[in-house]
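This report concerns only the one structure given below.
Note that this is a predicted model, so its numbers are computed, not measured. These values consider heavy atoms only, across backbone and side chains, with no hydrogens, waters or symmetry-generated copies.
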Amino acid sequence: MNRSKAAGLPRRGARLLAGALAASTVVVGVGTGTATAAGAGGAGPVGAGVCAGSGPLPYSCARPGDLIDVTLGELHPTQAVLGFDQVFYKQGRYGSDRDEAAGGVNKRFDDWCETNGQGEAASVGPGARLDDPASFTCTVPLGQETAESLAPMKTAVVGPGGKLYLTDGHHTLTSFLEGPDGSTRLPVRLRVTDNFSSLSTAAFWQRMTAEKKVWLRDENNRPLGVEQLPSRLGISNFRDDPYRSLVYFTRGIGYEVPDGATEFLEFSWGSWLRGKHDTNAYDLTSPGPYLDLVKSASKSMAALDADAVVDDGRTAAQLGRIAEWNGGKKETGGEFAKLSRPLTDPKPGKLAESLDYKARVVRAPACTARITGVRNGPLTVTNGVTCAERAALRGPVTVRAGAALVLTGSMLEGPLQADGAAAVHVCGSSLTGPVAVSRTAGPVRAGGPGCTANSVTGAVVLTGNTGGVQFAANTITGPLVCSANAPAPDNTGRENEVRGPRTGQCAGV
């Protein structure tokens, strides 16, 4: 962590400027992009001597209100579910040239500047990328932030060992990671709300749970243990909760995010809607039925009494219920009309863009066997669909003809070989050992829409696959060899990082 100086002030002097802003906000120093300001709460940093020197500081030195420079790969989620359709909207928008064609800049630059406490994008040069902040500028320069520009920043808690636990921004930062220029190395700033680094792991999670800074429910609203939380960002590391997506699309129609909103507000609404509306009764791949569900759900939300308890003791008013559905406008106006715009409209609605991107996601086959946790020894998949989910596989994996493998958010230590398989899906996983996939009749997917990129240490050989190969944004330490695949492998516009020779059909992938 770099804790920056305001111009002409000593290392802690930036605190003296905090009174110019709202309580617990931060004046960001010129140049380095981080600074400190006084704030309340937290168990406090550890190791005063470690935090007393000059230069870069460990995250365990951060105090509430500090802004810290991080990379996406350093962040640990505090929820196990996302609304995938919300992320799909962002992915569709980020990967489109519609904003540029209209004379603007791509939305991902506006979103990054807002997340960084710097307003929106001011100028975006040719070839600009989020992973190179020097290639674009924001309307609020570093060092000139205001309480208003800092308010939308995403937040984190410092935990034991100085680990960073994200408490707000899972959807936004996952969208950055999965975007056209996303990776675990993409930089962003966060605001620290608490430092619990002095606590034991058990005490840390007790504190996080007591203060409602962690969401321990799954996609079906069932309880989870903290050990079931994902270890890192990436859509493939999360579970999909359609009610969380539904709430996102009702924003401005059935509810508004109130000032001082608590973490996981949208999940509270989703828990309540789960008992009122059945998402399984609607085709959530088609705009018409999806809009019908949004309309019905948002009307239920707006019809609540202000003091009606929605979830966990929180009332409809506390959760931002709108007094009049759609702001008192007919469905041909207001936010509902904006949401309803088709993809052919010059300004398509969020739902249309989400569903357009969703249609590009190659679906994995239904699992017939599941593996979780640690598994030692060889694994041979002889039939059906074996799904390894957040698993650690230690030993070689072989997929026989006609069988399928789905590897999600997992670690494989050993070679992976598939010959004549029905399908092979590898998403958000780390593999140590050579990978050879040949003559697959169905899809071969490693990265691409809805599939977080992977890291592979070892050679990757893709040969004679006929069901389509998506191979996107992966990091390969070793050669990448592709031949006789029909069609040729597709990187979906996200080049792989290959630390070794690329040959054959993958020379430009």
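- Side-chain N/O atoms of T137 and S123 include a donor and acceptor closer than 3.5 Å.
- Proximity of a side-chain donor or acceptor of D240 to a complementary backbone N or O of F84 within less than 3.5 Å is detected.
- Here the shortest heavy-atom pairing between Y243 and D278 reads OH-CA, 3.5 Å.
- The environment of Q228 atom CD is dense: over 12 non-hydrogen atoms of other residues, nucleotides or ligands sit within 6.0 angstrom.
- Here the side chains of F267 and D241 are in contact, with some heavy-atom distance below 4.5 Å.
- Minimum interatomic distance between T71 and R185 (heavy atoms only, all atoms of both residues): CG2-O, 3.6 Å.
- Remark: the backbone N or O of T477 is not paired with any side-chain donor or acceptor of T457 at under 3.5 angstrom.
- A salt bridge between D99 and R93 is present, with a side-chain N of the basic residue lying under 4.0 Å from a carboxylate O of the acidic one.
- Interatomic distance, CD1 of I371 versus SG of C387, reported as 9.0 Å (0.5 Å rounding).
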I would like to know whether L142 and R189 meet side chain to side chain contact (heavy atoms under 4.5 Å, CB included); could you show each step before the answer? CA-CA 11 Å; L142 291 175; R189 281 194 310 180; 3.6 Å; yes

Kindly determine whether C451 and Q470 satisfy side chain to side chain contact (heavy atoms under 4.5 Å, CB included), including the steps that lead there. CA-CA 10 Å; C451 178; Q470 281 189 358; 5.9 Å; no

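- Summarising the geometry of K213 relative to F264, their closest heavy-atom pair is C-CE1, 3.4 Å, with the distance given to 0.1 Å.
- A donor-acceptor distance shorter than 3.5 angstrom exists from the side chain of S410 to the backbone of T408, with no hydrogens or angles considered.
- Under a 3.5 Å cut-off, the side chain of D131 and the backbone N or O of L186 do not form any donor-acceptor pair.
- Counting heavy-atom neighbours within 6.0 Å of N376 CG, excluding the residue itself, gives a total above 12.
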So E266 and V257, side chain to side chain contact (heavy atoms under 4.5 Å, CB included) or not? Walk me through it. CA-CA 9 Å; E266 288 85 358; V257 178; 3.9 Å; yes

Working note: E497 + S183, criterion side chain to side chain contact (heavy atoms under 4.5 Å, CB included); need CA distance, chi angles, decisive distance, verdict. CA-CA 11 Å; E497 181 179 342; S183 75; over 6 Å; no

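- In this structure, the side chains of D181 and R108 come closer than 4.5 Å at one or more pairs of heavy atoms.
- Of all heavy-atom pairs between F88 and G450, the closest is CE2-CA, 4.2 Å.
- For the pair E353 (side chain) and K350 (backbone), a donor-acceptor distance under 3.5 Å is absent.
- The closest donor-acceptor contact from the side chain of D168 to the backbone of T155 lies at 3.5 Å or more, if one exists at all.
- Scanning for side chain to side chain donor-acceptor pair (under 3.5 Å) contacts around N237 gives an empty result, with sequence neighbours left out.
- No side-chain donor-acceptor contact under 3.5 Å links W269 to the backbone of V310.
- Minimum interatomic distance between Q79 and P230 (heavy atoms only, all atoms of both residues): O-CD, 3.3 Å.
- How far CG of L284 is from CG of L355: 8.5 Å, rounded to the nearest 0.5 Å.
- At least one donor-acceptor pair closer than 3.5 Å links the side chain of S429 to the backbone N or O of C427.
- Using cut-offs of 30° and 60° on the angle between ring planes, the pair F136 and W112 is perpendicular.
- The side-chain heavy atoms of L351 and Y89, taken from C-beta on, include no pair separated by under 4.5 Å.
- Counting only distance, with no hydrogens or angles, the side chain of H76 and the backbone of S231 share a donor-acceptor pair below 3.5 Å.
- The shortest heavy-atom contact between A446 and N474 is O-ND2, 2.8 Å.
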Take W205 and Y165 through the ring pair (Phe, Tyr, Trp, His ring centres under 6.0 Å) test and state the conclusion after the steps. CA-CA 11 Å; W205 286 116; Y165 290 86; 5.4 Å; yes

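- Side chain of R244 to backbone of L82: no donor-acceptor contact under 3.5 angstrom is found.
- Salt-bridge formation is not detected for the pair D194/R207: no Lys NZ or Arg NE/NH1/NH2 atom is positioned less than 4.0 Å from an Asp or Glu carboxylate oxygen.
- The shortest distance between side-chain heavy atoms of R394 and V374 falls below 4.5 Å.
- Going from atom OG of S236 over to atom CZ of R390 covers 10.0 Å, rounded to the nearest 0.5 Å.
- Atom NE2 of residue H171 and atom OH of residue Y248 lie 9.5 Å apart, to the nearest 0.5 angstrom.
- With hydrogens and angles left out, the side-chain atoms of Y290 and D85 include a donor and acceptor closer than 3.5 Å.
- Under the 4.5 Å side-chain criterion, counting only non-hydrogen atoms from C-beta, L304 is in contact with W272.
- Between K90 and E178 there is no salt bridge, since none of the side-chain N atoms of the basic residue sits less than 4.0 Å from a carboxylate O of the acidic one.
- Using modelled atom types and a 3.5 Å distance limit, the side chains of T78 and T167 yield no donor-acceptor pair.
- Side-chain atoms of M153 and L190, non-hydrogen and from C-beta on, never get closer than 4.5 Å to each other.
- In this structure, D111 CG and K107 NZ are separated by 4.0 Å, a value rounded to the nearest 0.5 Å.
- Side-chain contact between V397 and L407 is absent, with no heavy-atom pair separated by less than 4.5 Å.
- Counting only residues at least two apart or on different chains, the disulfide bond (SG atoms under 2.5 Å apart) pairs with a member in residues 131-207 are C113-C138.
- Of the inter-residue distances, the one linking L293 atom CG with S245 atom OG reads 10.5 Å to the nearest 0.5 angstrom.
- Considering only heavy atoms from C-beta on, M301 stays 4.5 Å or farther from L319 through its side chain.
- If you check the side chains of Q86 and S354, you find no donor sitting under 3.5 Å from an acceptor.
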